[in-house]
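Computation of the quantities below employed the complete heavy-atom set of this structure, encompassing side-chain atoms and omitting hydrogens, waters and symmetry-equivalent molecules.
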Amino acid sequence: MLFIVLGIVILLGIIFVVMYNGFIRLRNNCDEAFATMDVYLKKRYDLIPNLVETVKGYATHESQTLEKVIAARNMAQSAATPENVLQGTLKSLFALAESYPDLKANQNFLELSDQLRAVEEDIANSRKYYNAVVKQFNTKCEVFPSNLIASIFHFEKKPMFEVN
């Protein structure tokens, strides 16, 4: 009888450790996924001045649009939802580029546009990855019996990344 009780206690202890370690792994995955997304966003911010400088050479009299792009980039770095601020201004920059056929054929502009497009794809993929990891973490926080471990150690649901 003592061996049965001892076996059950050991089994419960193993289950407890496995669940706790699962939470730690998922929490670390969430942090890593968010950091990856942040790296791509910073990369995009760093590309914008290069793109603006290339456009400036062709569109010197369109400086107001270019100044708005730079201002939006700076605001986006400190905004709560940087995506909304930056998306509109990037669209206006590319609309401006459409007005200059020579610019659209410029190798620097094409390379920067391709880099920006690739970074946008990376950002979208990193958002998907982040949300998938957060979904796993949140599910583990809510299902029984791991929700008991979550409440004991204060593992709380994480928000999904959403762009308005």
Side-chain angles (χ1 to χ4, degrees), residues 18-59 62 65-144 146-147 149-151 153-164:
V18 168
M19 283 186 192
Y20 177 82
N21 287 342
F23 273 112
I24 297 299
R25 271 192 291 287
L26 284 173
R27 184 181 65 191
N28 290 343
N29 286 346
C30 289
D31 294 343
E32 181 264 338
F34 190 84
T36 299
M37 191 170 37
D38 194 45
V39 166
Y40 288 125
L41 289 171
K42 286 179 181 164
K43 187 175 179 180
R44 179 175 63 181
Y45 293 137
D46 292 343
L47 275 174
I48 290 171
N50 296 335
L51 195 58
V52 167
E53 286 303 314
T54 302
V55 174
K56 264 186 190 177
Y58 284 86
E62 303 284 357
T65 300
L66 300 174
E67 288 170 8
K68 286 181 184 176
V69 172
I70 292 295
R73 174 190 177 261
N74 294 337
M75 282 188 346
Q77 287 178 314
S78 61
T81 56
E83 299 301 304
N84 298 340
V85 175
L86 204 53
Q87 289 300 91
T89 55
L90 282 174
K91 286 178 185 173
S92 65
L93 178 67
F94 283 107
L96 175 64
E98 291 290 321
S99 305
Y100 295 89
D102 291 343
L103 173 61
K104 290 192 312 185
N106 178 283
Q107 191 61 37
N108 287 341
F109 181 76
L110 292 174
E111 286 176 22
L112 289 167
S113 297
D114 288 344
Q115 286 178 14
L116 192 58
R117 197 171 299 106
V119 168
E120 292 295 333
E121 287 176 18
D122 291 340
I123 290 169
N125 289 333
S126 66
R127 283 186 195 129
K128 288 177 194 173
Y129 174 67
Y130 173 78
N131 284 339
V133 173
V134 166
K135 179 183 171 191
Q136 286 179 325
F137 181 84
N138 290 346
T139 300
K140 189 165 184 146
C141 284
E142 293 179 312
V143 298
F144 182 82
S146 60
N147 64 340
I149 304 296
S151 64
F153 289 102
H154 306 290
F155 290 110
E156 296 178 4
K157 286 178 61 175
K158 294 184 177 286
M160 296 286 209
F161 188 87
E162 296 176 4
V163 177
N164 296 332

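- In this structure, CD on E120 lies 8.5 Å from CG on L41, to the nearest 0.5 angstrom.
- Applying the ring-ring contact (aromatic ring centres under 6.0 Å, His included) rule to Y20 yields the partners F153, F155; only residues at least two apart in sequence or on another chain are considered.
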What side-chain donor-acceptor pairs closer than 3.5 Å can you find for residues 137-144, not counting sequence neighbours?
{"unit_1": "N138", "atom_1": "OD1", "unit_2": "K158", "atom_2": "N", "d": "2.7"}
{"unit_1": "N138", "atom_1": "ND2", "unit_2": "K158", "atom_2": "O", "d": "2.8"}
{"unit_1": "T139", "atom_1": "OG1", "unit_2": "K135", "atom_2": "O", "d": "2.8"}
{"unit_1": "E142", "atom_1": "OE2", "unit_2": "K157", "atom_2": "NZ", "d": "3.3"}

If you look only at distance, which donor and acceptor atoms sit under 3.5 Å apart when one is on a side chain in residues 24-39 and the other is two or more places apart or in another chain?
{"unit_1": "N28", "atom_1": "ND2", "unit_2": "I24", "atom_2": "O", "d": "3.4"}
{"unit_1": "E32", "atom_1": "OE2", "unit_2": "T36", "atom_2": "OG1", "d": "3.4"}
{"unit_1": "T36", "atom_1": "OG1", "unit_2": "E32", "atom_2": "O", "d": "2.9"}
{"unit_1": "D38", "atom_1": "OD2", "unit_2": "K42", "atom_2": "NZ", "d": "3.1"}

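- Using a 4.0 Å cut-off between a side-chain N of Lys or Arg and a carboxylate O of Asp or Glu, K43 and D46 do not qualify as a salt bridge.
- Annotation: the span from N131 atom CG to R127 atom CZ amounts to 9.5 Å, rounded to 0.5 Å.
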